[in-house]
There are 2 protein chains.
Amino acid sequence: MPLPETEIPGRLQAELMARGLRMTRQRRTILSVVETAKQHLDATQILRKAHKIDPGIDRVTVYRTLNLLKRHGLVDELDLMHLEGEKHYYERHPQRDHIHMACLRCGKITEFESDLFDRLKGQIQRECQFHIVVSRLEVGGYCSQCRSATPA
Amino acid sequence: MPLPETEIPGRLQAELMARGLRMTRQRRTILSVVETAKQHLDATQILRKAHKIDPGIDRVTVYRTLNLLKRHGLVDELDLMHLEGEKHYYERHPQRDHIHMACLRCGKITEFESDLFDRLKGQIQRECQFHIVVSRLEVGGYCSQCRSATPA
DNA sequence: TTAGTTGCAAAGATTTTGCTAACAA
DNA sequence: TTGTTAGCAAAATCTTTGCAACTAA
């Protein structure tokens with residue numbers, strides 16, 4: 001069963017301010033784009049959406065803000081198995097880590113949560129004495145639809 | 001306990017030839033570099049090592065050969081949590097998948113195999129009806145040495 | 001012979017840096 | 001006021017493409 005949707009509007013903004021960081025008009029715009037994204041966005045897509053709110057925002061500001069969010073652990077950077085080029089995708093750091101599955105045929109990205117994943121991370125921390133800050137599990141393969149579909 | 005070292009010299013070359021691909025002097029060189037690597041190498045490092053064997057090899061040929069190996073599932077592409085830039089690292093596809101742990105302080109990369117990881121992939125295949133072709137689990141954090149070390 | 005491969009040059013894609021003006025606190 | 005941030009331009013980094021010459025099978 002899915003987690004309850006605990007979307008807190010402006011959470012990113014609140015977290016950044018709680019850390020004493022300056023809240024500029026541009027940052028507010030970019031944060032709102034990331035926060036309300038319904039899918040994984042790369043830097044260019046974030047810039048495009050930000051432009052619709054504030055056409056003056058520069059691409060560099062998007063990169064700088066994403067780096068800021070990354071450093072503070074507020075967003076996760078994904079590669080999604082490099083399905084289309086080397087761009088990176090961003091999503092708000094979830095309350096519970098999930099796995100990203102990328103279909104090599106149709107490109108669909110599916111997310112999956114698992115107790116086994118949580119236990120695996122626990123095992124790593126214990127047996128390797130490694131303190132995990134961030135983790136990323138991505139798998140590439142064929143989704144159920146593409147497995148049963150006729151060959152391309 | 002570690003797996004037995006079943007290093008088969010020339011395995012990459014044998015696998016490519018078994019697939020009916022042409023074996024050129026340049027490919028042989030690049031394959032031997034990848035095969036005998038004692039650590040994760042990026043394209044530039046592979047080129048550098050290949051140059052020591054055959055100074056005429058072009059960077060482009062390295063990229064093309066790596067892409068070939070990737071497409072055939074003979075090497076895995078790693079990001080190692082982008083610890084130093086956006087380069088990719090390559091390793092021969094292991095008999096059993098392992099986890100890469102990247103220390104955010106000292107940069108050390110540690111590998112770890114786990115039954116839980118295997119079970120997790122089994123769960124994904126079963127519950128998501130997703131046929132896994134390639135998987136990548138990377139974690140960033142602090143290794144045991146850096147955890148107990150004095151702050152930088 | 002001939003389809004596949006290489007090297008070279010150039011382009012492409014993504015991200016970062018340096019600097020001054022503008023701005024949040 | 002004062003240290004931070006934004007915008008602009010330029011550079012840096014990594015990777016791919018086009019094409020003629022070369023080569024493995």
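A note on names: the letters A, B, ... follow the listed sequences, proteins ahead of strands, and every chain is numbered from 1.
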Report yes if at least one side-chain N or O of B/Thr24 is closer than 4.0 Å to OP1 or OP2 of C/dT5; otherwise report no.
no

Nearest heavy atom decides the nucleotide; on that basis, is B/Glu86 or B/Arg59 closer to the 5' end of DNA chain C?
B/Arg59

Same cluster for B/Met17 and B/Val33 if Ile/Leu/Val/Met/Phe/Trp/Tyr side chains link at under 4.5 Å?
yes

Whole angstroms only, please: what is the NE2-P distance between A/His88 and C/dA13?
16 Å

Given the structure, check if the side chain of B/Arg64 and the base of C/dG7 hold any donor-acceptor pair shorter than 3.5 Å.
yes

For D/dG7, does OP1 or OP2 lie under 4.0 Å from any side-chain N or O of A/Gln26?
yes

When rounded to whole Å, the CZ to C1' distance for the pair A/Arg22 and D/dA6 reads 12 Å

Does atom NZ (A/Lys49) have a neighbourhood of more than 12 heavy atoms from anything else shown, all under 6.0 Å?
no

Hey, which of these two, B/Glu84 or A/Thr65, hits DNA chain D nearer its 5' end, going by closest nucleotide?
A/Thr65

Starting at CZ of B/Arg27 and ending at P of D/dT23, how long is that distance when rounded to a whole Å?
15 Å

Pairing of A/Asp79 and A/Arg136 as salt bridge, 4.0 angstrom limit
yes

To the nearest angstrom, the CG-P distance between B/Leu21 and D/dT23 comes to 19 Å

For a quick check of understanding: with a heavy-atom distance under 4.0 Å over all strands, which category does A/Asp42 fall into, base, sugar-phosphate or nothing?
nothing

Closer to the 5' end of DNA chain D via nearest nucleotide, is it B/Met17 or A/Val60?
A/Val60

Between B/His100 and B/His40, what is the ring plane arrangement, given parallel below 30°, perpendicular above 60°, and tilted in between?
perpendicular

Within the pair A/Asn67 and C/dT16, is there a side-chain N or O less than 4.0 Å away from OP1 or OP2?
yes

Rounding to an integer number of Å, can you tell me how far A/Ile57 CD1 sits from D/dT5 P?
15 Å

Apart from B/Leu120 itself, what residues make up its hydrophobic cluster, given side-chain heavy atom links below 4.5 Å?
A/Ile99, A/Met101, A/Phe112, A/Leu116, A/Phe117, A/Leu120, A/Ile124, A/Phe130, A/Ile132, A/Leu137, A/Val139, B/Ile99, B/Met101, B/Phe112, B/Leu116, B/Phe117, B/Ile124, B/Phe130, B/Ile132, B/Leu137, B/Val139

Length of the line joining B/Lys87:NZ and C/dT14:P, which is rounded to integer Å
20 Å

For A/Tyr63 and C/dT16, is the shortest distance between a side-chain N/O and OP1 or OP2 below 4.0 Å?
no

From CG of A/Asp58 over to P of C/dA22, roughly how many Å is that when rounded to an integer?
16 Å

Calculate the interatomic distance between B/Met23 atom CE and C/dG4 atom P; express it in whole Å.
15 Å

